[in-house]
Structures are given as structure tokens and as C-alpha cells.
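Notes follow once the structure below has been shown.
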Amino acid sequence: GEDVPQAKQITKQDLMELGLSGGPDASAKRLQLLKKLNLPERMSPNAMLQALDLLYTLEELTTIVETLEF
């Protein structure tokens with residue numbers, strides 16, 4: 001089979017850079033992201049990180065976050 005390049009893992013640092021962690025609007029932004037992705041709204045940031053990493057590449061996540069209204 002062909003070697004499929006592994007997508008880079010999404011890290012806590014990435015979430016910070018995307019404004020989903022550590023910033024003043026981070027929790028509101030996370031909530032909006034979770035709703036948009038139909039994920040449980042009460043997910044902890046660590047659980048959210050794991051879910052996002054399984055479901056999306058960093059590029060996809062970045063694109064989605066850019067569509068949020070802030």
C-alpha cells in the first residue's frame with residue numbers, strides 16, 4: 001500500500017493559537033465550535049482536544065475556526 005503521510009497532531013499549543021484555549025473568549029469560542037461540530041457542549045478542553053485530533057487535521061480545524069463569528 002501507499003504510505004499516507006500522517007497528519008500533524010493537534011496540540012494544546014494549536015488550540016491556544018486558534019484562540020480556543022487560554023484567551024478571554026476561549027470558552028465562548030470553544031462552545032461555539034462544539035455546537036458547530038455537534039460535539040457535547042460540556043466536553044472538557046482535554047476531551048475536546050482528543051476528539052478534534054481524531055476527527056480533523058490542524059488545517060481543517062483552522063478553516064472551521066475561521067468560520068466562527070467573533
Side-chain angles (χ1 to χ4, degrees):
E2 291 179 38
D3 286 328
V4 179
Q6 270 295 307
K8 189 172 96 58
Q9 272 196 310
I10 297 170
T11 65
K12 287 185 178 186
Q13 182 66 36
D14 295 324
L15 295 187
M16 289 183 78
E17 288 172 11
L18 289 170
L20 295 170
S21 173
D25 297 325
S27 58
K29 210 165 184 178
R30 277 199 308 274
L31 185 62
Q32 198 179 96
L33 179 67
L34 292 171
K35 283 183 180 171
K36 187 178 186 83
L37 302 178
N38 294 311
L39 292 169
E41 291 175 24
R42 293 180 180 272
M43 260 187 167
S44 71
N46 284 343
M48 183 188 81
L49 178 61
Q50 284 185 316
L52 293 174
D53 191 43
L54 285 172
L55 298 169
Y56 303 97
T57 65
L58 180 56
E59 289 74 25
E60 290 168 335
L61 179 61
T62 301
T63 302
I64 295 163
V65 169
E66 285 169 355
T67 69
L68 300 178
E69 290 160 40
F70 272 87

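Within the model, atoms CD of E17 and CG of L15 stand 9.5 Å from one another, a figure rounded to the nearest 0.5 Å. Between atom CD of residue Q13 and atom CG of residue L18 there is a gap of 10.0 Å, rounded to the nearest 0.5 Å. Atom CG of D14 sits about 8.0 Å away from atom CG of L61, to the nearest 0.5 Å. To the nearest 0.5 Å, atom CD of residue E59 and atom OG1 of residue T63 are 8.0 Å apart. Distance check: R42 CZ to L31 CG gives 10.0 Å after rounding to the nearest 0.5 Å. Taking CG of L52 as the reference point, atom CG of L33 lies at 6.0 Å (rounded to 0.5 Å).
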Under 3.5 Å, sequence neighbours excluded: what are the donor-acceptor pairs made by side chains of residues 43-50?
from : atom 1 : to  : atom 2 : distance (Å)
S44  : OG     : A47 : N      : 3.1
N46  : OD1    : K12 : NZ     : 3.2

Check the pair L55 / L39 against side-chain contact (heavy atoms from CB on, under 4.5 Å), numbers first and verdict last. CA-CA 11 Å; L55 298 169; L39 292 169; 4.2 Å; yes

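In this structure, L37 is a member of the same hydrophobic cluster as L68, with clusters built from ILVMFWY side-chain heavy atoms closer than 4.5 Å.
Between the side chain of D53 and the backbone N or O of Q9, no donor-acceptor pair lies under 3.5 Å.
Shown here for A26 and S21, the closest heavy-atom pair between the two residues is CB-N, 3.6 Å. Nearest approach of T67 to I64, heavy atoms of both residues: OG1-O, 2.6 Å.
By the side chain to side chain donor-acceptor pair (under 3.5 Å) test, E41 is found to be paired with no residue, residues two or more places apart in sequence or in another chain being considered.
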